[in-house]
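Beneath this line is the structure, given in structure tokens, with notes to follow.
None of the values given here were measured: they were computed from a predicted structure. For this chain, numbers begin at 1 and follow the sequence in order.
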Amino acid sequence: MVKTILEIDGMTEKEKMLKGELYNADYDPELIAERTQAKDLCFELNNTTPSDLETRIDIIKKLLGKTGEEFHIESDFWCDYGYRIEIGENFYANHNVVMLDAGGITFGDNVFIAPQCGFHTSGHPIDAETRNTPLEYAKPIKVGDSVWFGAGVQVCPGVTIGSNVVIGAGSVVIEDIPSNCVAVGNPCRVVKEI
């Protein structure tokens with residue numbers, strides 16, 4: 001069955017992932033190697049002393065697809081691929097942030113992320129038979145400028161968040177959030193315009 005999954009449409013699993021189609025990440029050597037490289041860099045970052053800023057910045061620049069000049073990511077930080085993450089200027093991520101970035105995650109300038117947040121571009125089919133295979137999909141997450149995520153926020157696949165937004169602590173963001181607002185809850189909803 002795995003071989004059949006890998007041969008669908010003559011595309012590689014990475015090509016399917018990048019197109020947002022169902023793909024098999026569990027048995028594709030290229031994707032496994034890329035995830036392993038990213039996990040090794042995350043491990044290295046998470047085990048570098050906080051005072052060794054030069055080494056930490058170097059690791060983050062190797063790991064992520066694009067960075068601004070001014071940024072800071074606290075440990076622990078984990079991601080799947082790294083090169084699918086882009087951060088703008090003046091980016092800050094506090095402790096224990098997870099980014100499952102197969103679908104790509106883009107942050108604008110002046111984004112601040114509190115502890116225990118997750119950005120999850122990967123998802124699994126609703127149909128149990130399909131879900132029980134190793135198939136998954138990945139949809140991009142896009143975040144504008146001047147966005148603050150409170151502690152414990154979870155952002156789901158395919159969500160776009162505008163600029164000048166505050167997402168309240170503990171929120172689960174399953175739909176797009178427009179610019180210039182405060183949004184909170186599970187599911188996350190706009191509660192106030194800014």
Side-chain angles (χ1 to χ4, degrees), residues 17-18 31 33-122 138-173 176-184 188 194:
M17 178 185 85
L18 295 174
L31 292 178
E34 289 179 350
R35 284 196 311 275
T36 300
Q37 180 181 9
K39 303 293 184 197
D40 285 350
L41 287 169
C42 287
F43 182 85
E44 186 178 346
L45 175 68
N46 294 333
N47 287 282
T48 300
T49 58
S51 61
D52 189 355
L53 292 177
E54 187 176 322
T55 299
R56 294 179 64 80
I57 288 169
D58 184 54
I59 294 167
I60 293 166
K61 285 188 172 188
K62 286 180 189 172
L63 179 62
L64 302 188
K66 179 182 172 190
T67 69
E69 291 300 314
E70 298 293 327
F71 60 87
H72 188 84
I73 298 175
E74 300 282 1
S75 296
D76 277 359
F77 172 80
W78 293 100
C79 64
D80 277 343
Y81 297 96
Y83 69 88
R84 303 278 292 146
I85 300 169
E86 297 183 1
I87 61 174
E89 288 296 337
N90 201 27
F91 177 88
Y92 177 80
N94 212 319
H95 300 286
N96 299 318
V97 169
V98 173
M99 296 186 188
L100 305 183
D101 59 310
I105 305 172
T106 305
F107 295 97
D109 297 335
N110 302 303
V111 173
F112 305 103
I113 302 171
Q116 308 291 340
C117 289
F119 298 83
H120 313 286
T121 68
S122 298
K139 304 291 183 189
I141 292 173
K142 297 177 184 174
V143 178
D145 298 328
S146 301
V147 178
W148 173 26
F149 293 91
V153 170
Q154 303 299 312
V155 181
C156 294
V159 167
T160 296
I161 297 170
S163 294
N164 191 29
V165 173
V166 174
I167 305 292
S171 295
V172 178
V173 187
D176 292 353
I177 302 293
S179 294
N180 304 310
C181 69
V182 175
V184 66
C188 189
I194 299 175

Show which side-chain atoms of residues 160-170 pair as donor or acceptor with protein atoms under 3.5 Å away, not counting sequence neighbours.
| unit_1 | atom_1 | unit_2 | atom_2 | d |
| --- | --- | --- | --- | --- |
| Ser163 | OG | Asp145 | N | 2.9 |
| Asn164 | ND2 | Asn180 | OD1 | 3.0 |

Please tabulate, for side-chain N and O atoms in residues 38-45, each donor-acceptor pair with protein atoms closer than 3.5 Å (sequence neighbours left out).
| unit_1 | atom_1 | unit_2 | atom_2 | d |
| --- | --- | --- | --- | --- |
| Lys39 | NZ | Cys79 | O | 2.9 |
| Lys39 | NZ | Asp80 | OD1 | 3.0 |

Problem set entry | For Phe107, all residues meeting ring-ring contact (aromatic ring centres under 6.0 Å, His included), sequence neighbours excluded | Phe91, Phe119
For this session: Only counting residues at least two apart or in another chain, list the ones meeting side chain to side chain donor-acceptor pair (under 3.5 Å) with Thr48.
Result: none
Seminar exercise, completed: Those residues at least two apart in sequence (or on a different chain) that pass side chain to side chain donor-acceptor pair (under 3.5 Å) with Asn96 are none
Can you check whether [X] reaches [Y] side chain to side chain, under 4.5 Å on heavy atoms?
{"X": "Val111", "Y": "Ile87", "value": "no"}
{"X": "Asn94", "Y": "Tyr92", "value": "yes"}
{"X": "Cys188", "Y": "Ile177", "value": "yes"}
{"X": "Met99", "Y": "Ile85", "value": "yes"}
{"X": "Val153", "Y": "Val173", "value": "yes"}
{"X": "Ile73", "Y": "Leu64", "value": "yes"}
{"X": "Leu100", "Y": "Tyr81", "value": "no"}
{"X": "Arg56", "Y": "Phe77", "value": "no"}

Seminar exercise, completed: Separation between CD1 (Ile141) and CG (Asp101), nearest 0.5 Å, reads 9.5 Å
Exercise. About how many Å separate CD of Glu74 and CD1 of Ile113, when rounded to the nearest 0.5 Å?
Worked result: 12.0 Å
For this session: Determine, step by step, whether Leu31 and Met17 satisfy the side-chain contact (heavy atoms from CB on, under 4.5 Å) criterion, reporting the C-alpha distance in whole Å, the side-chain angles of both residues, the deciding distance to 0.1 Å, and the verdict.
Result: CA-CA 10 Å; Leu31 292 178; Met17 178 185 85; 4.0 Å; yes
On a heavy-atom basis, which atom in [X] and which in [Y] lie closest, and how many Å separate them?
{"X": "Glu89", "Y": "Gly68", "value": "OE2-CA, 3.3 Å"}
{"X": "Ser171", "Y": "Ala183", "value": "OG-O, 4.1 Å"}
{"X": "Arg84", "Y": "Ala102", "value": "NE-O, 3.0 Å"}
{"X": "Cys117", "Y": "Gly152", "value": "SG-N, 3.8 Å"}

Exercise. Of Glu34, Lys66, Gln37, which is the lone residue that meets side chain to side chain donor-acceptor pair (under 3.5 Å) with Tyr83?
Worked result: Glu34
Problem set entry | Greater than 12 external heavy atoms within 6.0 Å of Trp148's CH2 | no
Exercise. Asp58: what forms a salt bridge (charged side-chain N to carboxylate O under 4.0 Å, His left out) with it, not counting sequence neighbours?
Worked result: Lys62
For this session: Check whether the side chains of Asp109 and Asn90 place a donor and an acceptor atom closer than 3.5 Å, and report yes or no.
Result: no
